[in-house]
Amino acid sequence: MELLNVLILDDEEPARTLLESYCNKIETLKVIGKASNVLEAKSIIDAGHVDILLSDIQMDDLTGIDLQKMLKDKLVTIFTTAYSEYALESYDLDVVDYLVKPFSFQRFYQAIDKAKELIEFSTKSKESLDNQSQYVFIKTNRKMVKVNFDDILFTESYGEYVRIYTNEDIILALQTTSFMETLLPSDDFIRIHRSHIINLNHIKEINGNQIKIEDHKLVISKRMKDNFMKTIKKKGII
């Protein structure tokens with residue numbers, strides 16, 4: 001694998017120094033920037049190519065979570081923080097891992113390994129899409145499984161994983177919902193909730209803010225309802 005560009009965001013200099021020293025121990029990582037606040041980090045992200053973001057959460061003015069919500073294109077992100085109560089919200093934002101300070105180099109390496117695996121998988125998946133395939137290979141249980149787009153009912157966030165529901169199986173993939181959103185064909189798939197992407201072709205019933213797909217009932221979030229209604233009207237579903 002080529003060198004991966006890493007950006008470190010933390011408002012404490014000792015923490016930035018420690019993270020940089022950890023990165024320097026891994027040959028495939030290159031630290032391209034260290035930021036002490038969110039706006040400085042966003043400037044670096046906007047100016048160049050960042051593969052992995054190592055981000056503190058609790059900082060003055062703007063938090064690491066605020067930065068995630070600012071970004072148009074989601075980054076492969078590992079949160080590093082002293083506050084364990086942010087763990088659930090971090091997974092809702094599709095971060096790769098969540099490290100509670102103080103953490104060892106071994107624990108840091110595990111998180112980086114997951115990030116590298118995700119980046120490698122994402123690259124291969126996008127190459128598959130470029131070839132206009134009607135399927136994608138999903139990594140699950142250390143093997144690659146071929147999944148036809150037509151067979152996917154919906155996907156569901158599950159911590160740092162995604163559950164992919166088909167008629168025959170539930171596949172647990174080391175993936176993020178945000179990436180799945182870019183991976184699945186936009187003509188047939190739409191995100192209806194921060195946790196769910198559905199296949200429009202499998203909708204059986206729409207009742208207010210609830211959708212029925214096979215025997216599953218899913219909720220459309222208020223924020224995504226307008227876009228969902230426009231999409232199904234355009235597609236001729238209603």
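Being a predicted model, the structure only gives us computed values, none of them experimental.
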Take atom [atom1] of [X] as the centre, draw a 6.0 Å sphere, and report whether it contains more than 12 heavy atoms from other residues, nucleotides or ligands.
{"X": "Q106", "atom1": "CD", "result": "no"}
{"X": "K230", "atom1": "NZ", "result": "no"}
{"X": "Y109", "atom1": "OH", "result": "no"}

Looking at side-chain heavy atoms only, is the closest gap between [X] and [Y] below 4.5 Å?
{"X": "L54", "Y": "F79", "value": "no"}
{"X": "Q68", "Y": "L53", "value": "yes"}
{"X": "V147", "Y": "I171", "value": "yes"}
{"X": "D11", "Y": "N37", "value": "no"}
{"X": "F149", "Y": "V136", "value": "yes"}
{"X": "F189", "Y": "N201", "value": "no"}

Residue pair [X] / [Y]: nearest heavy atoms and the distance that separates them:
{"X": "A115", "Y": "I78", "answer": "CB-CD1, 4.2 Å"}
{"X": "I44", "Y": "G33", "answer": "CD1-CA, 4.4 Å"}
{"X": "H49", "Y": "I32", "answer": "O-CD1, 3.4 Å"}
{"X": "A111", "Y": "V96", "answer": "O-CG1, 4.3 Å"}
{"X": "N199", "Y": "D150", "answer": "ND2-O, 4.0 Å"}
{"X": "D51", "Y": "L3", "answer": "OD2-O, 4.1 Å"}

*Go through the structure and list residues passing side-chain hydrogen bond (donor to acceptor under 3.5 Å, both in side chains) with E20, not counting sequence neighbours.*
K34

_Among residues at least two apart in sequence or on other chains, which ones pass side-chain hydrogen bond (donor to acceptor under 3.5 Å, both in side chains) with N5?_
none

*With sequence neighbours excluded, tell me which residues meet ring pair (Phe, Tyr, Trp, His ring centres under 6.0 Å) with F228.*
none

*Among all residues two or more places apart in sequence or in another chain, which pass the ring pair (Phe, Tyr, Trp, His ring centres under 6.0 Å) test with H193?*
H196

*asked:* I'd like to know whether L153 forms a side-chain contact (heavy atoms from CB on, under 4.5 Å) with E214, so could you lay out the CA-CA distance, the side-chain angles of the two residues, the decisive distance to 0.1 Å, and finally the verdict.
replied: CA-CA 8 Å; L153 303 176; E214 296 301 324; 3.8 Å; yes

*Name the orientation class of the two ring planes belonging to Y135 and F137 (parallel below 30°, tilted from 30 to 60°, perpendicular beyond 60°).*
perpendicular

When rounded to the nearest 0.5 angstrom, what is the spacing between [atom1] in [X] and [atom2] in [Y]?
{"X": "E205", "Y": "I213", "atom1": "CD", "atom2": "CD1", "answer": "11.5 Å"}
{"X": "D169", "Y": "T140", "atom1": "CG", "atom2": "OG1", "answer": "8.5 Å"}
{"X": "L7", "Y": "E40", "atom1": "CG", "atom2": "CD", "answer": "8.5 Å"}
{"X": "F154", "Y": "R163", "atom1": "CZ", "atom2": "CZ", "answer": "9.5 Å"}
{"X": "K143", "Y": "I138", "atom1": "NZ", "atom2": "CD1", "answer": "13.5 Å"}
{"X": "S36", "Y": "D56", "atom1": "OG", "atom2": "CG", "answer": "11.5 Å"}

*Pair D46, S43: side-chain N/O donor-acceptor within cut-off below 3.5 Å*: no

*No-hydrogen, no-angle side-chain donor-acceptor test under 3.5 Å, T177 and S157*: yes

*Checking side-chain contact (heavy atoms from CB on, under 4.5 Å) against C23, which of I112, T28, I52, L29 comes through?*
L29

*Give the C-alpha distance, both sets of side-chain angles, the deciding distance and a yes or no for side-chain contact (heavy atoms from CB on, under 4.5 Å) between D151 and N167.*
CA-CA 7 Å; D151 293 337; N167 280 314; 5.6 Å; no

In terms of hydrophobic clustering (I, L, V, M, F, W, Y; side-chain heavy atoms under 4.5 Å; direct or indirect links), are [X] and [Y] co-clustered?
{"X": "V50", "Y": "I119", "value": "no"}
{"X": "M229", "Y": "L200", "value": "yes"}
{"X": "L62", "Y": "L75", "value": "yes"}
{"X": "L184", "Y": "M144", "value": "yes"}
{"X": "I8", "Y": "I26", "value": "yes"}

*Taking only residues two or more places apart in sequence, or in another chain, which ones meet F103 in a side chain to side chain contact (heavy atoms under 4.5 Å, CB included)?*
L19, Y22, T80, L99, K101, R107, F108

*asked:* K225 vs N209, test: side-chain contact (heavy atoms from CB on, under 4.5 Å). Steps then yes/no.
replied: CA-CA 8 Å; K225 181 67 178 291; N209 288 334; 2.8 Å; yes

_side-chain contact (heavy atoms from CB on, under 4.5 Å) between T63 and L67, worked out_ = CA-CA 7 Å; T63 69; L67 175 59; over 6 Å; no

Quick one: side chains of residues 231-238, donor-acceptor pairs under 3.5 Å with protein atoms, not counting sequence neighbours, listed by atom name and distance.
{"residue": "T231", "atom": "OG1", "partner": "N227", "partner atom": "O", "Å": "2.8"}
{"residue": "K235", "atom": "NZ", "partner": "D187", "partner atom": "O", "Å": "3.2"}
{"residue": "K235", "atom": "NZ", "partner": "D188", "partner atom": "OD1", "Å": "3.1"}

*State whether the side chain of R191 and the backbone N or O of I197 hold a donor-acceptor pair below 3.5 Å, judged by distance alone.*
no

*Does T17 reach the main-chain N or O of A15 with its side chain, forming a donor-acceptor pair under 3.5 Å?*
no

